[in-house]
Amino acid sequence: MNDASFDDVTSLRARLEDLRLEHRDLDEAIARLNATPVDDELMLRRLKKRKLALKDRIAAIERIVDPDEFA
């Protein structure tokens, strides 16, 4: 592995951790909104949609970083 690809993988791992943190934060926010009466169903739907998009991006980066794991 050359330095450029090592830097790419390191950068992807850092991005992956950021996405996982954002996903956890959204999960907690959605749980809080579900626990209380919500007047803003649109906000809840947007948060859930964002969470699903993050999940897809996380999975894509995981396949790039650790391709053998999913083979």
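Numbering starts at 1 and runs along the sequence shown.
- Taking the side chain as every heavy atom from C-beta outward, N34 and L44 approach each other to under 4.5 Å.
- Between R45 atom CZ and L42 atom CG the span is 5.5 Å, to the nearest 0.5 Å.
- Ion pairing of D27 with K55 is absent here, as no side-chain N (NZ or NE/NH1/NH2) approaches a carboxylate O to less than 4.0 Å.
- When L19, L21, D25, D18 are each tested for a side-chain contact (heavy atoms from CB on, under 4.5 Å) with L54, only one passes: L19.
- Residues R57 and E62 are not paired through a salt bridge, judged by the lack of any N-O separation under 4.0 Å between the basic side chain and the carboxylate.
- Residue R13 comes nearest to D66 through the heavy atom pair NH2-OD1, 3.5 Å, listed as atom of the first residue, atom of the second, then distance.
- To the nearest 0.5 Å, atom CZ of residue R46 and atom CG of residue L26 are 14.0 Å apart.
- From I58, atom CD1 reaches atom CZ of R15 across 9.5 Å, with rounding to the nearest 0.5 Å.
- Looking at heavy atoms from C-beta onward, K49 lies out of side-chain contact with L52 at the 4.5 angstrom threshold.
- Among all heavy-atom pairs drawn from I61 and L12, the shortest one is CG2-O, 3.7 Å.
- Between K51 and E22 there is no salt bridge, since no side-chain nitrogen of the basic residue lies less than 4.0 Å from a carboxylate oxygen of the acidic one.
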